[in-house]
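Working notes, beginning with the structure itself.
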Amino acid sequence: MMLHIPAVLTPDQVRDMRARLAATDWIDGRASVGSQGAQVKRNRQLAEGSPLAVELGQIVSAALMANPLFFSSVLPLRILPPYFNSYAGGEHYGPHVDGAIRAQRGASPVRADVSCTVFLSDPDDYDGGGLTVVDTYGTHEVKLPAGDAIVYASTSVHEVQPVTRGERVASFLWVQSMVRDDWKRAMLFELDTTIQALRARHGDGPELVALTGHYHNLLRMWAET
């Protein structure tokens, strides 16, 4: 399941992050990937665990966790500290699949169920740079407004197209969901969305209480905590 989550960050948060990222030093993006990814990755990123990466990452994580659409669709159990990257001058990241288990300093490893990109550059700021995700429904290219996020299954093959003008800046992270299987998460999300729409239209009633019970019983059956 791919889902566009609008306005995760406010315009003021985006402006502040961009100003601070413009004044920092980037490192080679291949520092955070294995040998296979290093063959197709050409970009720059903040050093993992640097004070700026930690500070800005906490803002991104808090904004995502406070977003009802993100929580309902992802059902997060653990979020890895966000990374920040930049593409310019033809930089790109060729087709790859994210690693299943992501290490984190001083804590237990996290299983990557859901990948998330929070865009910090508007589409008009750069040419190319589309996030291309391949799933069972085809190939999808994503370029979202600054502050918006895209979430998709970490099992998907995806890439970032070469940036031929301007700079593409983003934050990216991985989430271990309470529900491991993507199709089960999608089913729960659709059921939750339907319940909320019915509540807004008709209010609570016995039938809606029953549907809500089915949602929570399915979550209780599938959740890993």
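This structure is a prediction, so every number in the text was calculated from the model and none was measured.
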**Prompt:** Quick one: do the Ser32 and Gln45 side chains pair a donor with an acceptor below 3.5 Å?
**Reply:** yes

**Asked** Which is it for Leu120 and Leu9 under the side chain to side chain contact (heavy atoms under 4.5 Å, CB included) test, yes or no, and what are the steps along the way?
**Response** CA-CA 9 Å; Leu120 299 177; Leu9 298 175; 3.7 Å; yes

**Request:** Supply the atom-to-atom distance Leu75 CG to Phe189 CZ, rounded to the nearest 0.5 angstrom.
**Result:** 10.0 Å

**Message:** Treating Arg102 as the side-chain partner and Ala112 as the backbone partner, does any N or O pair qualify as donor plus acceptor under 3.5 Å?
**Reply:** no

**Message:** For Val160 and Asn43: C-alpha separation, side-chain torsions, deciding distance, then whether side chain to side chain contact (heavy atoms under 4.5 Å, CB included) applies.
**Reply:** CA-CA 10 Å; Val160 176; Asn43 71 351; over 6 Å; no

**Message:** Are Ile59 and Met17 packed together at the side-chain level, in the sense that at least one heavy-atom pair is separated by less than 4.5 angstrom?
**Reply:** yes

**Message:** Working to the nearest 0.5 angstrom, can you tell me the gap between Ser115 OG and Ile150 CD1?
**Reply:** 11.0 Å

**Same apolar cluster: Val74 and Phe119, side chain cutoff 4.5 Å** = no

**Asked** Does atom CD of Glu190 have more than 12 heavy-atom neighbours, drawn from other residues, nucleotides or ligands, at distances under 6.0 Å?
**Response** no

**Message:** Ignoring hydrogens, what is the shortest heavy-atom contact between Met65 and Ile79? Give both atom names and the distance.
**Reply:** SD-CD1, 3.4 Å

**Message:** To the closest 0.5 Å, what do you measure between CZ (Arg201) and CG (Leu208)?
**Reply:** 12.0 Å

**Asked** Do Trp222 and Met187 come close enough that some side-chain heavy atom pair is under 4.5 Å?
**Response** yes

**Asked** Does Asp28 use its side chain to pair, donor to acceptor, with the backbone of Arg30 at less than 3.5 Å?
**Response** yes

**Request:** Indicate if Val133 and Val157 have the same hydrophobic cluster label, given that clusters are the connected sets of ILVMFWY residues with side-chain heavy-atom separations under 4.5 angstrom.
**Result:** no

**Fill in**
CG of Leu21 to CH2 of Trp26, rounded to nearest 0.5 Å, is 4.5 Å

**Request:** Using the rule that two of Ile, Leu, Val, Met, Phe, Trp, Tyr join whenever any of their side-chain heavy atoms come within less than 4.5 Å, decide whether Leu198 and Tyr215 are in one cluster.
**Result:** yes

**Prompt:** At their closest point, which heavy atom of Ala47 faces which heavy atom of Ala53, and how far apart are they?
**Reply:** O-CB, 3.7 Å

**Sidechain-backbone polar pair: His96 side chain, His158 backbone, donor-acceptor under 3.5 Å** = yes

**Asked** Taking a hydrophobic cluster as the set of Ile, Leu, Val, Met, Phe, Trp and Tyr residues connected by side-chain heavy atoms closer than 4.5 Å, whether directly or through intermediates, do Val97 and Tyr152 fall within one such cluster?
**Response** no

**Request:** Assess the side chains of Ser121 and Arg168: does a donor N or O sit below 3.5 Å from an acceptor N or O?
**Result:** no

**Asked** About how many Å separate OG of Ser177 and NZ of Lys184, when rounded to the nearest 0.5 Å?
**Response** 11.0 Å

**Asked** Excluding sequence neighbours, so at least two apart, what forms salt bridge (charged side-chain N to carboxylate O under 4.0 Å, His left out) with Asp204?
**Response** Arg199

**Message:** Less than 4.5 Å apart, side chain to side chain, heavy atoms only: is that true for Asn85 and Tyr93?
**Reply:** no

**Request:** Taking all non-hydrogen atoms of both residues into account, name the closest pair between Asp192 and Ser72 and its distance.
**Result:** OD2-OG, 2.6 Å

**Prompt:** Taking Gln176 for the side chain and Arg111 for the main chain, is one N or O donor matched with an acceptor at less than 3.5 Å?
**Reply:** yes

**Item:** Ile195 CD1 to His214 NE2 distance, which is reported to the nearest 0.5 Å
**Value:** 9.5 Å

**Item:** Contact summary for Asn67 and Pro6, nearest pair of heavy atoms
**Value:** ND2-O, 4.1 Å

Throw together a table of side-chain donor-acceptor distances under 3.5 angstrom for residues 140-148, partners on residues two or more places apart or in other chains.
residue, atom, partner, partner atom, Å
His140, NE2, Asp135, OD1, 2.9
His140, NE2, Asp135, OD2, 3.3
Lys143, NZ, Tyr126, O, 3.3
Lys143, NZ, Gly128, O, 3.0
Asp148, OD1, Ala7, N, 2.8
Asp148, OD2, His4, NE2, 2.8

**Asked** Less than 4.5 Å apart, any side-chain heavy atom of Glu55 and any of Arg20?
**Response** yes

**Request:** Would you confirm whether Ser171, through its side chain, and Tyr83, through its main-chain N or O, come within 3.5 Å as a donor-acceptor pair?
**Result:** yes

**Message:** Below 30° counts as parallel, above 60° as perpendicular, anything between as tilted: where do the rings of Trp174 and Phe172 land?
**Reply:** perpendicular

**Message:** Taking Met1's backbone N and O only, do any of them form a donor-acceptor pair with Asp182's side chain (distance below 3.5 Å, no angle check)?
**Reply:** yes

**Request:** Following the transitive rule for hydrophobic clusters with a side-chain heavy-atom cut-off under 4.5 Å over Ile, Leu, Val, Met, Phe, Trp and Tyr, establish whether Leu188 and Ile5 coincide in one cluster.
**Result:** yes

**Message:** With side chain to side chain contact (heavy atoms under 4.5 Å, CB included) as the criterion, how do Thr24 and Phe84 come out once you've worked through the C-alpha distance, each side chain's angles and the decisive distance to 0.1 Å?
**Reply:** CA-CA 11 Å; Thr24 194; Phe84 294 83; over 6 Å; no

**Message:** Could you check whether any side-chain heavy atom of Asp113 comes within less than 4.5 Å of a side-chain heavy atom of Val175, counting everything from C-beta outward?
**Reply:** no

**Item:** Validation row: Glu167, Val163 side chains within 4.5 angstrom (heavy atoms)
**Value:** no

**Prompt:** What heavy-atom pair brings Pro82 and Leu173 nearest, and what distance separates the two atoms?
**Reply:** CA-CB, 3.9 Å

**Prompt:** What closest approach, in Å, do Ala88 and Gly166 show between heavy atoms, and which atom pair accounts for it?
**Reply:** CB-O, 3.5 Å

**Prompt:** Hey, which of Arg44, Arg42, Lys41 is the one that makes side-chain hydrogen bond (donor to acceptor under 3.5 Å, both in side chains) with Glu91?
**Reply:** Arg44

